[in-house]
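Below is one structure. I have some questions about it.
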Amino acid sequence: MTWKKFSGDVVHSPIVQEIENAIVRETGKGHRLKVCIGTDSQVKGPTTDFATVIVLLREHHGGFMYIHQEKTSTKMTIKERMLVEVQKSIETAYSICDLLDLYDVHLEVHADINTNPMFKSNKALNEAMGYILSMGFIFKAKPEAFASSTCADKMVH
C-alpha cells in the first residue's frame, strides 16, 4: 500500500514506522497529538477514486497528513460506496491503533456521511456508525468529520 505526504512525496517506510517517527518527533517538540482517519471517494465515469487520509493534529499548532489513493471499476450503490469508505478507514485505523495506544495518542475515525436525512449518504449512517463503534473506535460524521469531508475530499476532486 503506497502512502504519500501532502507534498506528493512517497513514504518509503511502512506507514506504521512513519507514524511512529512523526509521533516521536512531534511529542519531542512538546506537541499533544490527535489522529483522525477518513476516506472519501468520487465517481468519475466508470471509475471510483478512493482517498484515505491519516491526519495528525498538533494541538493549537495545525497538522499534517498522509494519503493513500486507489481506484476501482467496481459498480456500487451510494450506500455500498459509503461503507467501502468506512471499511478503508477502519482497516487503516486498525493497522496503527496499537501504536497510538502505546504513545497514548487519541484516535477518531471520520465518515463522509451526512447526519441530515435529506442527503443520500445518510442511508449508510447507522451501519457506518455501528461498524466503527463496534471496532472500538470513536466515530465522527459530517459536519465534524473533517478528515474525510475536507482532507480526503481534496484528494479525489
Side-chain angles (χ1 to χ4, degrees), residues 1-23 25-26 31-97 99-100 105-116 118-125 127-129 131-132 137-157:
M1 187 178 273
T2 304
W3 287 88
K4 293 180 180 179
K5 296 179 180 179
F6 187 63
S7 63
D9 294 343
V10 173
V11 174
H12 295 288
S13 55
I15 194 62
V16 175
Q17 183 63 55
E18 181 72 19
I19 299 295
E20 184 169 24
N21 292 346
I23 291 170
R25 181 183 69 241
E26 297 299 329
H31 297 298
R32 286 186 37 146
L33 296 174
K34 175 164 80 171
V35 171
C36 303
I37 295 173
T39 303
D40 195 14
S41 61
Q42 180 71 39
V43 179
K44 297 174 180 170
T47 307
T48 304
D49 190 8
F50 288 93
T52 300
V53 297
I54 301 171
V55 180
L56 282 87
L57 290 178
R58 295 177 288 234
E59 193 172 63
H60 307 297
H61 292 281
F64 55 98
M65 69 179 176
Y66 298 94
I67 304 123
H68 170 70
Q69 287 184 270
E70 57 189 292
K71 296 179 189 302
T72 182
S73 55
T74 305
K75 285 248 181 259
M76 291 176 249
T77 65
I78 186 149
K79 186 174 181 178
E80 288 170 324
R81 189 162 54 92
M82 298 295 114
L83 293 174
V84 168
E85 289 178 9
V86 169
Q87 180 183 359
K88 289 179 183 303
S89 294
I90 285 175
E91 286 170 0
T92 301
Y94 191 74
S95 73
I96 65 168
C97 65
L99 174 71
L100 300 180
V105 175
H106 186 71
L107 170 67
E108 294 176 357
V109 176
H110 292 191
D112 189 38
I113 296 174
N114 210 300
T115 52
N116 183 334
M118 299 280 292
F119 292 86
K120 288 181 189 171
S121 67
N122 183 263
K123 291 182 179 122
L125 180 64
E127 288 92 331
M129 188 165 53
Y131 190 7
I132 292 167
F137 298 125
I138 292 169
F139 167 78
K140 299 282 182 181
K142 282 181 176 176
E144 298 175 333
F146 66 85
S148 54
S149 58
T150 303
C151 301
D153 176 79
K154 288 198 178 349
M155 306 315 301
V156 292
H157 284 94

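Hydrogens, waters and symmetry mates are skipped; everything else that's a heavy atom, side chains included, is used.
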Quick check: are there more than 12 heavy atoms from other residues, nucleotides or ligands sitting under 6.0 Å from NZ of K44?
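Buried by this count: over 12 neighbours within 6.0 Å.
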- Item | Heavy-atom pair of closest approach, residues A51 and V156 |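 Here A51 and V156 meet closest at CB-CG1, 3.5 Å.
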- request: With sequence neighbours excluded, tell me which residues meet ring-ring contact (aromatic ring centres under 6.0 Å, His included) with H106.
  value: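 For H106, no residue satisfies ring-ring contact (aromatic ring centres under 6.0 Å, His included) once neighbours in sequence are set aside.
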- prompt: Rounded to the nearest 0.5 Å, how far does NE2 of H31 lie from CZ of R25?
  reply: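 Separation between the atoms: 9.5 Å.
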Any ring-ring contact (aromatic ring centres under 6.0 Å, His included) pairs touching residues 67-97, not counting sequence neighbours?
->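 Qualifying pairs: W3-H68.
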CG/L57 to SG/C36 distance, rounded to the nearest 0.5 angstrom?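 Here the interatomic distance stands at 5.0 Å.
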G8 to K4 - nearest heavy-atom pair and separation
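Result for this residue pair: O-CD, 3.8 Å.
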What residues form a side-chain contact (heavy atoms from CB on, under 4.5 Å) with T2, not counting sequence neighbours?
->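 Counting only residues at least two positions away or on another chain, T2 forms a side-chain contact (heavy atoms from CB on, under 4.5 Å) with V10.
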As a quick check of understanding, evaluate side chain to side chain contact (heavy atoms under 4.5 Å, CB included) for F137 and C97, giving each step before the final call. CA-CA 9 Å; F137 298 125; C97 65; 3.9 Å; yes
With rounding to the nearest 0.5 angstrom, report the NZ to OH distance, K5 to Y66.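 Rounded to the nearest 0.5 Å, the NZ-OH separation comes to 5.5 Å.
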Among residues at least two apart in sequence or on other chains, which ones pass salt bridge (Lys or Arg N to Asp or Glu O under 4.0 Å) with K71?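 Result, salt bridge (Lys or Arg N to Asp or Glu O under 4.0 Å) vs K71: D49.
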Side chain to side chain, K123 and T77, heavy atoms closer than 4.5 Å:
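No, side chains not in contact.
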What residues, two or more places apart in sequence or in another chain, satisfy salt bridge (Lys or Arg N to Asp or Glu O under 4.0 Å) together with E108?
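Salt bridge (Lys or Arg N to Asp or Glu O under 4.0 Å) list for E108, sorted by chain: K34.
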Distance-only donor-acceptor hits, side chain of residues 138-147, under 3.5 Å, sequence neighbours excluded:
residue, atom, partner, partner atom, Å
K142, NZ, D112, OD1, 3.3

Examine distances only and state if a side-chain atom of N114 and a backbone atom of N122 form a donor-acceptor pair shorter than 3.5 Å.
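Such a contact is absent between N114 side chain and N122 backbone.
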A128: which residues meet the side-chain contact (heavy atoms from CB on, under 4.5 Å) condition with it, sequence neighbours left out?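 A128 satisfies side-chain contact (heavy atoms from CB on, under 4.5 Å) with L83, V86, I113 once adjacent residues are dropped.
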Non-neighbouring partners of V84 that pass side-chain contact (heavy atoms from CB on, under 4.5 Å), sequence neighbours left out =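 Counting only residues at least two positions away or on another chain, V84 forms a side-chain contact (heavy atoms from CB on, under 4.5 Å) with F50, M76, K88.
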All side-chain contact (heavy atoms from CB on, under 4.5 Å) counterparts of H157, not counting sequence neighbours: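 Testing H157 for side-chain contact (heavy atoms from CB on, under 4.5 Å), a comparison that skips the adjacent residues, returns D40, Q42, D153.
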**Report entry** Gap between atom CD1 of I19 and atom CG of L56 - 0.5 Å precision
**Finding:**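 That separation rounds to 5.0 Å.
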Derivation and outcome, side chain to side chain contact (heavy atoms under 4.5 Å, CB included), residues I23 and V35: CA-CA 10 Å; I23 291 170; V35 171; 5.6 Å; no
### Query
Do you know which two heavy atoms are closest between V105 and L33, and how far apart they sit?
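So the minimum-distance heavy-atom pair works out to CG1-O, 3.8 Å.
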- Straight-line distance of E18 CD to I15 CD1, nearest 0.5 Å: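 Reported to 0.5 Å precision, the distance equals 6.0 Å.
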Does E80 have any salt bridge (Lys or Arg N to Asp or Glu O under 4.0 Å) partners at least two apart in sequence or in another chain, and if so, which?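 Per chain and number, E80 pairs via salt bridge (Lys or Arg N to Asp or Glu O under 4.0 Å) with no residue.
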Quick one: list whatever passes side-chain hydrogen bond (donor to acceptor under 3.5 Å, both in side chains) with N116, sequence neighbours left out.
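Counting only residues at least two positions away or on another chain, N116 forms no side-chain hydrogen bond (donor to acceptor under 3.5 Å, both in side chains).
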| field | Where at least one partner belongs to residues 57-68, residue pairs that pass salt bridge (charged side-chain N to carboxylate O under 4.0 Å, His left out), sequence neighbours excluded | value |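 Checked against salt bridge (charged side-chain N to carboxylate O under 4.0 Å, His left out) - neighbours excluded - the pairs reaching residues 57-68 are E26-R58, R32-E59.
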Worksheet item: Taking the side chain from S73 and the backbone from P46, do they hold a donor-acceptor pair closer than 3.5 Å?
Response: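 Not confirmed, S73 side chain does not pair with P46 backbone.
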**Asked** Judged by atom type as modelled, is there a donor-acceptor pair below 3.5 Å linking the side chain of E20 to the main-chain atoms of L99?
**Response**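 Side chain of E20 to backbone of L99, a donor-acceptor pair under 3.5 Å: no, none is there.
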So M155 and M65, side chain to side chain contact (heavy atoms under 4.5 Å, CB included) or not? Walk me through it.
CA-CA 11 Å; M155 306 315 301; M65 69 179 176; 4.1 Å; yes
Quiz item: Considering all heavy atoms of both residues, which atom of V109 and which atom of S89 are nearest to each other, and what is their separation?
Solution: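 Distance-wise, the nearest heavy atoms are CG1-CB, 3.8 Å.
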- Task: Any chance you could measure I132, atom CD1, to Q87, atom CD, to the nearest 0.5 Å?
- Result: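 So the gap between those two atoms works out to 11.5 Å.
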Notebook entry, point to check: Can you find a side-chain donor-acceptor pair between T72 and T48 that sits under 3.5 Å?
Noted result: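 No - no donor-acceptor pair under 3.5 Å links their side chains.
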